[in-house]
Amino acid sequence: MWKQLLSSYFSFTKKERTGVFLLLSLIVLVVLLPFAYPLFIKKKVTDAAAFEKEIARLKLKQPDTANSYIKKDLDDNQFAPYAQPTEKNYTAGIKAELFYFDPNKASVNDWQRLGVRDKTITTIQNYLSKGGHFYKPEDIGKIWGLHPDEVKGLLPYIRIATSENDHIEKDYKRKNLDKAKSSLSVIDINNADSTAYIALPGIGSKLAQRILNFRDKLGGFNKIEQVAETFGLADSTFQKIKTRLVISNATIKQFNINTATIDEMKSHPYIRYAIANAIVQYRTQHGNFAAVADIKKIMLVTEEVYVKLEAYLTID
C-alpha cells in the first residue's frame, strides 16, 4: 500500500526529471547571485589628494556674501544712510592719532591722522560739499565706511562748534514760528465770512460755504460743537480748528411755536416734518403753548431733541 502510494508521487518520466533539474538549478542560481555580484564590479581607487583638491576648488567658487549689502550712490545728496561695513571690509590696525576735532571743519589731513581710510574721507568731504552738516557727535555713526568700533573711539573727541550762522538760523526759525503762531487768530463762528473760514486748516471754499449755509438755516450757532454737524466736515478737521473758534453773544434767530407754520418749522435742520406737524396738531387741540418746555408733552419731542431746539424756540 505504502509502496504504491510513494511510487505514485515520486515516479517521474524523463521529461519531468529534466524539468525538476532545471528548476532546482534556477533556485540555486538566484540564491548564489547576490554573493557573486561583487566579483564582477571593478573597485574604483579613491585618490585622497585629488578629492581634497576638488573640495578646495569648490570653496573658492562660493560667493562672498560679506559684500551683499546695498551700497548707496555717493553722488546722491545723502550719504551712508545708517549702513555699516562688515568685519571683512573693516581694516583694523591703521595707525591713528586721537585729538579733539570738529567733523564739520576737519581737513583731509585731520581725518588721516585720526586713522580714517581715504575712501571714507572722500565720502565725508562729498557730504559736506553738498551742504551736509554734523549737528551732534553721534551723526558720524551714519558715515559709510566707519566701523562701529571706530565711531566709538572717535565720539569722545568730537567737539562741534556753534557758529554765528547757527545762531542766525535759530533766530530765523524762532521768528517764523512766532509769526506763524500770531497768524493763528481765532474767528467768531457767528460773524465770520467764508474767507475767514477758508483760512482755517482743512477748510476749502466749498466746506466754508456749507458752514455758512448750515449757520443760516439754524438761525445762528448756539454752541461751537454745532460747527462739527456741518455736512462733509470730518471730525479730525474739526478737532484741528476747534481751538481757533469762538462764539459771540449774537442774537439767535428764533421762531414762535404758537404761530409758526409747518413749512416754517420743518425748514429748521433740527425739526422733521413729523415733529412740525405734531406741534401744530397739539396747538390746535390744546391751544397755545404756555411755555417753550410744554412741547416736551409731545411724544416725538425727546429730551435730546428739546436740548438742541430750546435756544431756537419762543412763545412770544
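These numbers come from a predicted model, not from an experiment.
Note that CD1 of Ile143 and OG1 of Thr123 are 8.5 Å apart. Values are rounded to the nearest 0.5 Å. With rounding to the nearest 0.5 angstrom, the CG atom of Leu22 is 11.5 Å from the CD1 atom of Ile27. Note that CG of Asp263 is 9.5 Å distant from CE of Met265, once rounded to the nearest 0.5 Å. To the nearest 0.5 Å, atom CG of residue Asn277 and atom CD1 of residue Ile271 are 12.5 Å apart. Here the straight-line distance linking atom NZ of Lys242 with atom CG of Leu200 works out to 14.5 Å at 0.5 Å rounding. If you take CD on Glu150 and CD1 on Ile140, they are separated by 9.5 Å, rounding to the nearest 0.5 Å.
Asn213 places no side-chain N or O within donor-acceptor distance of the main-chain N or O of Arg210, the cut-off being under 3.5 Å. In this structure, Tyr312 contributes its side chain and Gly220 its backbone to a donor-acceptor pair below 3.5 Å. No donor-acceptor pair under 3.5 Å is formed between the side chain of Thr230 and the backbone N or O of Leu233. No donor-acceptor pair closer than 3.5 Å links the side chain of Asn191 to the backbone N or O of Asp188. One N or O on the side chain of Gln226 and one on the backbone of Lys223 form a donor-acceptor pair closer than 3.5 Å. In this structure a side-chain-to-backbone donor-acceptor pair under 3.5 Å is present from Asn190 to Phe221. Counting only distance, with no hydrogens or angles, the side chain of Gln254 and the backbone of Ala311 share a donor-acceptor pair below 3.5 Å. Between the side chain of Glu229 and the main chain of Glu225, no donor-acceptor pair closer than 3.5 Å is present. With His133 contributing its side chain and Asn104 its backbone, the two residues share no donor-acceptor pair below 3.5 Å.
When side chains are defined from C-beta on, Ser194 counts as touching Leu212, because their heavy atoms get closer than 4.5 Å. The shortest side-chain heavy-atom distance between Val28 and Leu24 does not fall under the 4.5 Å cut-off. Side-chain contact between Ile189 and Val246: absent, with no pair of heavy atoms (C-beta onward) separated by less than 4.5 Å.
At a cut-off of 3.5 Å, with distance as the only test, no side-chain donor of Ser129 or Asn126 sits close to an acceptor on the other residue. Asn256 and Thr314 form no side-chain donor-acceptor contact under 3.5 Å, judged by distance and modelled atom types alone.
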- Criterion side chain to side chain contact (heavy atoms under 4.5 Å, CB included) on Phe99 and Leu114, from CA distance to verdict: CA-CA 8 Å; Phe99 55 89; Leu114 290 166; 3.8 Å; yes
- Stepwise side chain to side chain contact (heavy atoms under 4.5 Å, CB included) check, Leu128 with Phe134: CA-CA 9 Å; Leu128 295 173; Phe134 297 100; 3.9 Å; yes
- For Trp144 and Thr120, what are the C-alpha separation, side-chain angles and deciding distance, and is it a side chain to side chain contact (heavy atoms under 4.5 Å, CB included)? CA-CA 7 Å; Trp144 177 265; Thr120 306; over 6 Å; no
- In sequence, state the C-alpha distance, the side-chain angles, and the governing distance for Ile187 and Arg244, and then conclude on side chain to side chain contact (heavy atoms under 4.5 Å, CB included). CA-CA 6 Å; Ile187 66 170; Arg244 295 181 57 184; 5.8 Å; no
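In this structure, Lys308 satisfies the cation-pi test against Tyr270, with its NZ or CZ atom closer than 6.0 Å to the six-membered ring centre and inside 45 degrees of the ring normal.
Within a 6.0 Å sphere centred on OH of Tyr100, other residues, nucleotides and ligands contribute 12 heavy atoms or fewer.
Using cut-offs of 30° and 60° on the angle between ring planes, the pair Trp111 and Phe101 is perpendicular.
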Taking only distance into account, with no hydrogens and no angle test, what donor-acceptor pairs under 3.5 Å do side-chain atoms of residues 283-300 form with protein atoms, sequence neighbours excluded?
| residue | atom | partner | partner atom | Å |
| --- | --- | --- | --- | --- |
| Arg283 | NE | Asn258 | O | 3.4 |
| Arg283 | NH1 | Ile257 | O | 2.7 |
| Arg283 | NH1 | Asn258 | O | 3.3 |
| Arg283 | NH1 | Ala260 | O | 3.2 |
| Arg283 | NH2 | Ala260 | O | 3.2 |
| Thr284 | OG1 | Val280 | O | 2.8 |
| Asp294 | OD2 | Ala290 | N | 3.2 |
| Asp294 | OD2 | Ala291 | N | 3.1 |

Could you tabulate the donor-acceptor pairs under 3.5 Å formed by side-chain atoms of residues 151-161, not counting sequence neighbours?
| residue | atom | partner | partner atom | Å |
| --- | --- | --- | --- | --- |
| Arg159 | NH1 | Pro156 | O | 3.1 |

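Ile198 and Ile211 are not part of a single hydrophobic cluster, where members link through side-chain heavy atoms under 4.5 Å apart.
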